[in-house]
Structures are given as C-alpha cells and as structure tokens.
Amino acid sequence: MSRLEVLKTYKIYIGGQFPRTESGRYYAVSDAKGKLLGNMCLSSRKDVRNAVVAARKAFGGWSERAAMNRGQILYRIAEMLEGRRTQFISELIAQGSTKVKAEQEVDLAIDRIVYYAGWCDKFTAILSSVNPVASSHFNFSVHEPTGVVGIVAPNDSSLIGLVSLVMPVIAGGNACIVIASEKLPLCAITFAEVLNSSDVPGGVVNILTGTNKELNDTLSTHMDINAVVYGGVDATAFQQLQSNASVNVKRVFHQQKDWLKSDAQDLYMIADTLELKTTWHPIENIGGATSTY
Amino acid sequence: MGKEKKAQSEQLLDLRNTPVVDKVGVEERIERFQSRSIKGESKKQGLRMALNMIDLTTLEGKDTPGKVKQMCYKAMHLHDVQQDLQAVAAVCVYPSMVKIAKNEVKNSNVKVASVSTAFPSGQAPMDVKLRDTKFAVSEGADEIDMVISRGKFLMGEYNFVYDEIAAIKEACGKARLKVILETGELATLDNVRRASDIAIMAGADFIKTSTGKVQPAATMQVTYTMLMAIKDHYDRTGVMIGMKPAGGISTAKQALHYLVMVNETLGSKWLTNEWFRFGASSLANDLLMQIMKQETGIYQSSAYFSID
C-alpha cells in the first residue's frame with residue numbers, strides 16, 4: 001500500500017517558537033535536478049524586528065547563567081544533533097552534498113559544538129587579566145557578553161557555517177539573530193528544531209530564512225543589535241554592513257574560514273563578541289613582600 | 001422642593017436596570033478594531049496623538065519628591081532629540097506629591113492629576129475621602145482620580161456609590177473628576193456598564209478603568225463597554241464624558257487600537273486629550289521608539305530613551 005507523502009513545513013524560529021514569516025511570503029528551494037525541496041519563509045524586516053525583541057528578552061537570563069550551565073546546555077545541543085545525525089545527512093545530500101562529505105560535515109558540526117561547550121566556563125580564565133597598576137588597587141579586566149548579535153551565515157554552507165558562527169557567540173553569553181544561507185537553508189531550520197529540544201532558552205538563538213539583500217540592512221541598522229558577524233564572501237555587502245553599523249557603533253566582524261577544516265574554530269571567535277570590563281578595587285598593599293598578611 | 005427632587009429622579013435611570021452587555025458581541029467588535037491597518041502618515045499622527053494623551057503616572061509607596069520631579073521633567077521633555085514633540089497630557093501622583101509636581105510643570109501645558117479617596121482600595125470613611133480630595137485640590141491638582149467603593153457596589157448598594165461620587169464631585173470644585181471603576185474587581189461587563197452609568201450620572205467628567213494595582217487592568221473589552229455607556233449618555237443628553245483606560249497598555253500598537261476604537265465608537269470629537277487619556281508609564285517610551293522609527297527609518301533600542 002502506498003503512503004501519502006508527509007512533507008515538512010519549514011518555518012522560521014523566533015523566541016523559541018516556529019512562526020511563519022509575518023509577511024506571508026515564501027521562496028522555493030530546489031535541488032540540482034530542479035526537484036522542489038521546500039518552500040522557505042521569505043522573512044521581512046518585521047521578522048527581524050520581532051527576532052531582536054525576542055533576543056533582547058532572552059539575553060538577560062542567558063548572560064547571567066552560570067558559565068558551567070551554559071556549557072552543559074551547549075553540550076546538550078551536541079547530544080540532540082547526534083540523535084538526528086541521519087536526518088541532517090539526508091538533508092545535506094538533498095542539497096547537493098555527497099554522502100561522505102555530508103557525514104563529515106554533520107560529525108564536524110557536532111564536534112564543534114562540544115568544542116565550544118567546553119570553552120564556556122574556561123574562556124574567562126584565559127582571556128581576563130590582573131593588571132599591574134601604580135597605586136593601591138587591585139585592577140582586573142574581565143570579559144562580558146556584548147548583548148544581541150546579528151549573524152549572517154555563509155551562503156555556500158547549510159549546516160557547518162551556521163554552527164561555526166553561532167556557537168562562539170552564544171558560548172560567550174550573547175543572544176543572536178541568524179540569517180540562514182539563502183541558497184541552502186534547510187539545515188538551518190532543522191537545526192532550530194535541535195536547539196528547541198535542547199534546553200536552550202527560547203530567544204537565545206533566532207533563525208530567519210530569506211534574502212541577504214533584504215535583511216542585511218535591517219539587521220545592521222537596528223539600534224538594539226550590538227554586533228554583527230558576517231560569514232559571507234561579498235566585500236561590498238560587508239562594507240555596507242560596516243557603514244550601516246555606524247549608527248550605533250556596532251562591532252562588525254568578517255569571519256571567512258574553510259569551516260569544513262577541523263581547526264576552523266578558536267577561542268578568539270568567542271572573544272570577538274565580548275566586551276572588556278576593567279575594575280579598580282582598593283587594597284591596602286601592593287605586592288607581597290611588605291604585606292602584613 | 002419635594003416635587004423638584006422627584007422630577008430629577010425621573011430623569012435618572014433605574015440603577016438596577018442598566019443595559020446588559022453582549023460579551024460575545026463585544027469580543028467580536030474588539031477583534032475588528034484590532035484588524036485595522038494604520039500605516040504611513042496616519043500612523044505618524046496616531047502615535048503623536050497617543051503620546052499627547054498620556055497621563056504619566058507614578059503611584060508607588062516609594063515615591064519621593066526626586067522621583068516626581070524626574071517624572072515631571074520627562075513629561076515635558078519626552079525625547080529632546082526630536083524637537084517637535086508635544087508634552088504628555090498630565091502627570092498623575094499621590095496627593096502628597098501634588099504641590100511638588102505642580103511647581104515642576106508650572107510653565108507648561110502639563111496638568112497635574114491626583115488620585116484620592118484612599119486610593120487604591122477606597123476603604124476609608126467618607127470624611128477621610130473628602131479631606132483627601134480637598135487637600136489635593138488645595139495643593140493645586142487640576143484633576144482628581146477617585147476610586148469607587150467596589151465592595152458596596154458588589155453588595156448592590158448603588159445609591160451609596162452614587163452619593164459618594166456626587167459628594168466628591170462637589171469637593172473637587174473646578175478640578176475635573178475622573179472616576180475609577182476598578183473593572184478588574186467588578187467581575188462582569190454588566191457590572192462595568194452599571195458602574196459606568198452610576199459614575200456618569202453622579203457627575204463624573206471622566207470614567208477610568210483601573211487603578212493599575214489590580215489585574216486585569218484596562219482591557220479593550222471593558223473600555224469598549226464604558227465607551228458605549230458614554231455614547232448612550234451623549235445621545236441622550238448631548239453631554240460629553242471623557243474616557244481613561246489605565247494600566248496594561250504598554251505598546252504603541254495597543255494604543256493605536258484604542259484610538260481606532262474611540263474614533264469608531266464615539267467619533268473624532270473624542271480624539272483629544274480633553275476627552276481621552278491613557279493612564280500609563282511605560283507606553284510613552286514605546287510610542288517614542290515607534291515615532292523615532294518613523295522619523296529615521298531604523299528600528300530603535302530602549303537603551304537610547306530615558307527610563308523616567
């Protein structure tokens with residue numbers, strides 16, 4: 001007996017929910033042979049606005065969590081992704097990857113999440129410093145998350161590009177809005193399902209599908225976004241982001257790496273979206289030699 | 001004298017027989033108001049109009065002269081980056097803060113409203129309520145926001161509620177009287193309608209939904225019910241009564257829905273701060289953010305707007 005085909009509706013991910021785009025528009029994504037893979041939401045600037053509201057709301061709680069707990073939650077993402085390994089592999093193959101490459105990509109994505117999960121409660125120890133000052137003060141600099149980060153995922157990667165950019169940002173305690181690859185968007189939304197079932201509070205990661213042309217400007221001019229990470233290759237688009245970002249002096253980063261390489265990950269990608277806070281605290285003595293205790 | 005009194009009472013509605021409210025009908029009507037699309041120039045004007053109708057409010061036990069002064073400054077300088085903004089309609093404070101507020105806003109159009117009659121519960125003897133009111137008026141309050149005795153109302157002692165409002169109205173002198181029904185405690189829309197009719201007949205210049213201390217505060221359902229009471233009174237007598245939803249309205253979008261409702265229920269005559277107010281504190285910043293979005297084309301962040 002033949003079964004009725006049950007096709008998946010790809011929606012967007014905002015505040016822990018899967019709404020359709022507010023605009024009601026969509027665009028078709030097909031494989032190389034022209035077979036329809038899915039109708040993706042063509043998100044509008046209002047979806048960006050809603051996502052920023054959700055991210056800002058989630059930021060407080062996420063940034064104040066114990067670093068170790070953030071690490072546990074990131075590790076849980078990896079666990080959930082592992083459980084859905086075959087689904088991601090078949091989605092990657094549908095979008096033009098080979099079986100071997102798809103398996104490599106998914107495994108690497110899982111490992112990368114574990115990598116950043118490990119960093120959550122360790123980066124402060126490495127990055128922060130106690131500074132020598134010429135007065136009776138204990139002076140130290142620590143890193144704190146910058147806030148809400150806009151991420152433009154690379155266009156030529158469905159899963160690993162997005163994972164590589166999102167993980168360091170949330171490991172640092174930020175909330176983010178991601179514009180998924182326009183060409184290869186399927187895994188982004190399936191990844192949102194993974195996030196949704198892995199203890200990541202709603203709103204910490206928000207994922208939109210649509211065109212960079214339409215969404216980049218809204219993302220980079222929005223006054224409530226504190227930094228933008230661009231994963232694309234278009235130099236003009238990056239310049240436009242930088243120019244837009246000047247309205248509230250956002251930090252803008254261009255991350256271009258071969259994400260399929262196992263070493264395309266490091267501590268300094270976490271440091272990018274952190275702000276340094278220096279504190280002066282009075283003490284009685286400097287140094288130990290003359291200390292009375 | 002006796003005859004005159006009788007003639008007067010015949011003009012009054014029987015308070016036990018005020019109109020009943022079709023709850024489902026109200027809800028359907030509300031949905032229509034919420035589906036109107038307000039864009040472009042009308043949105044710009046609507047946002048500014050709503051801003052100009054706000055009673056900026058602080059009614060906390062922890063209020064200090066400093067806090068009240070700060071709020072009065074905000075009332076007159078909403079967002080100085082945008083030069084052409086009007087001030088809000090009024091500031092709303094406790095009687096003890098009226099003098100301070102009055103002094104702060106003396107060179108502006110901003111009015112000072114004071115809550116009274118043992119706000120927010122209203123559980124005090126009559127002479128205390130009268131003194132409370134007279135004190136606020138003598139300190140310079142332009143408007144008095146009184147609370148009705150909800151306990152008495154729910155016991156069916158409508159005459160008590162009526163007499164109390166009438167007595168406070170007299171104590172107000174020139175100050176305009178807003179009567180707070182505290183609809184969150186009245187349980188049904190029928191009760192809301194009855195309390196509205198009592199307040200209007202007893203001499204209220206404004207009827208107001210809530211104190212802001214009880215949940216639910218203002219909803220579109222109760223506001224619509226109260227607007228219908230105002231409309232029926234206007235159709236019967238030609239006298240305009242003002243409306244003030246208070247509490248729970250915090251977004252620009254909600255404010256626009258309310259304006260649509262007022263316009264489509266009572267007409268554009270009510271679309272001024274003489275006849276319609278929003279009792280709110282956080283609404284102002286959301287309106288400002290939306291206005292700035294309209295002016296600049298970019299989405300705003302609350303980090304760039306003063307808290308109070």
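Each chain gets a letter, A, B and so on, in the order the sequences are listed, and its residues count up from 1.
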Where does [X] contact chain B at under 4.5 Å (heavy atoms): side chain, backbone, both or neither?
{"X": "A:Val247", "result": "side chain"}
{"X": "A:Arg56", "result": "neither"}
{"X": "A:Asn248", "result": "both"}

Is it the case that atom [atom1] in [X] sees more than 12 heavy atoms from other parts of the structure closer than 6.0 Å?
{"X": "B:Gln86", "atom1": "CD", "answer": "no"}
{"X": "B:Lys293", "atom1": "NZ", "answer": "yes"}
{"X": "A:Asp199", "atom1": "CG", "answer": "yes"}
{"X": "A:Phe18", "atom1": "CZ", "answer": "yes"}
{"X": "B:Gln82", "atom1": "CD", "answer": "yes"}

Check your understanding: Should A:Val52 and B:Tyr299 be marked as a side-chain contact (heavy atoms from CB on, under 4.5 Å) after you check the CA-CA gap, both sets of side-chain angles, and the distance that decides it?
Key -> CA-CA 10 Å; A:Val52 174; B:Tyr299 289 116; over 6 Å; no
**Study point:** Between CD1 on residue B:Ile298 and NE2 on residue A:His222, distance to nearest 0.5 Å
**Key:** 9.5 Å
Check your understanding: So how far is it from B:Tyr304 OH to A:Asp224 CG, rounded to the nearest 0.5 Å?
Key -> 8.5 Å
